[in-house]
2 protein chains.
Amino acid sequence: MPETTPAQPVPQITAEHRELLDQTLDKWSLQVLDCLCEQPLRFNGLRRAIPVITQKSLTATLRRLERNGMVDRVVVSTRPLAVEYRISSLGRTLQDLVDALLRWTTETMPDVERARARFDELP
Amino acid sequence: MPETTPAQPVPQITAEHRELLDQTLDKWSLQVLDCLCEQPLRFNGLRRAIPVITQKSLTATLRRLERNGMVDRVVVSTRPLAVEYRISSLGRTLQDLVDALLRWTTETMPDVERARARFDELP
DNA sequence: CGGTATCCTGCTGGATACTG
DNA sequence: CAGTATCCAGCAGGATACCG
């Protein structure tokens, strides 16, 4: 069926929802959430788990996730201080989705590579 | 349970998988896929459906999605030409995931807003 | 209609240094 | 240990103009 309906007002993703997705599924957030779903970790524990992330990006990512209620930041006032990050119950609601997403990439990657090869060798 | 295991090599998301997610779930791709899942659309049809997107971004998005095999580009050689974009079978495998993602944002948005309000009014 | 081409800017994210 | 502060480069994406 070709395009018939003219300018049908397609249900827009609102800026708000888009922003939440951006702050949740971006490069670092996804990996941080993935790590924290397995176990609580401290700042440098996370750095070790995701070696390529910079301090600045990790801080920013954790702040955003904390602000959105996805992770809890637990401060233990010892000397020196210990700060533990744990996935929140809200963050847990994402786990299945994230897993499904990662499974999807793994499963479709071969098809994607074939599609790319075909596309790239065109005139 | 506090952090016990030391530097456990957390299963990294590979750069390849990360790239695919970036090229699939980014701002514009998600909306384009969402539109095309409902019906095939032509270039300017898509522009009308997503009025805030620029020509350049739409072109780039469609090229990437096409290259990854997510959408099919069908050229009808009339004068002037018509080019129709349709979701591919590979792209269809994303539909449930995208829907689930959008449902998740809708469902959790209230909690997120409460979390943000709490976070923002801290000392 | 369905795009390229070009220029330009704002913002992300890296490197580096310092602190409670 | 767990960050903050600053500077800076690269590039994604917008505005604009033009083409088959």
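Every chain is numbered from 1 and lettered A, B, ... according to where its sequence line falls, protein lines coming before strand lines.
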Which nucleotide in the list [options] gets nearest to the side chain of [X]?
X       : options               : result
A/Phe43 : C/dG14, C/dG3, D/dG3  : D/dG3
B/Trp28 : D/dC1, D/dC7, D/dG14  : D/dG14
B/Val83 : C/dT6, C/dG3, C/dC1   : C/dG3
A/Arg48 : C/dG14, D/dC1, D/dG14 : D/dC1

>> Heavy atoms only, 4.0 Å cut-off, all strands: where does A/Ala60 land among base, sugar-phosphate and nothing?
In response: nothing

Whole-Å gap separating [atom2] ([N]) and [atom1] ([X]):
X       : N      : atom1 : atom2 : value
B/Leu81 : C/dC1  : CG    : P     : 12 Å
B/Leu41 : C/dC1  : CG    : P     : 14 Å
A/Lys56 : C/dC11 : NZ    : P     : 13 Å
B/Gln23 : D/dG13 : CD    : P     : 11 Å
B/Asp22 : D/dA12 : CG    : C1'   : 12 Å
B/Arg47 : D/dA15 : CZ    : P     : 11 Å
B/Arg64 : D/dG13 : CZ    : C1'   : 11 Å
A/Leu58 : C/dT12 : CG    : P     : 17 Å

Phosphate oxygens OP1/OP2 of [N]: is one of them under 4.0 Å from a side-chain N or O of [X]?
X       : N      : answer
A/Arg79 : D/dC1  : no
B/Tyr85 : C/dC1  : no
A/Arg42 : D/dA2  : yes
B/Arg63 : C/dT4  : yes
A/Thr59 : D/dA2  : no
B/Arg73 : C/dG2  : no
A/Thr54 : C/dG14 : yes

> Quick one: does A/Thr24's side chain get under 4.5 Å of A/Ser29's, heavy atoms only?
Replying inline: no

> Tell me, do B/Thr105 and A/Arg18 make a side-chain contact under 4.5 Å, heavy atoms counted?
Replying inline: no

> Going by an N to O cut-off under 4.0 Å, is there a salt bridge joining B/Arg116 and A/Glu16?
Replying inline: no

>> In this structure, would A/Val76 and A/Phe43 fall into the same cluster of hydrophobic residues linked by side-chain contacts under 4.5 Å?
In response: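 No.
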
> If we ignore angles and hydrogens, is there a donor and acceptor under 3.5 Å between the side chains of B/Asp111 and B/Thr108?
Replying inline: no

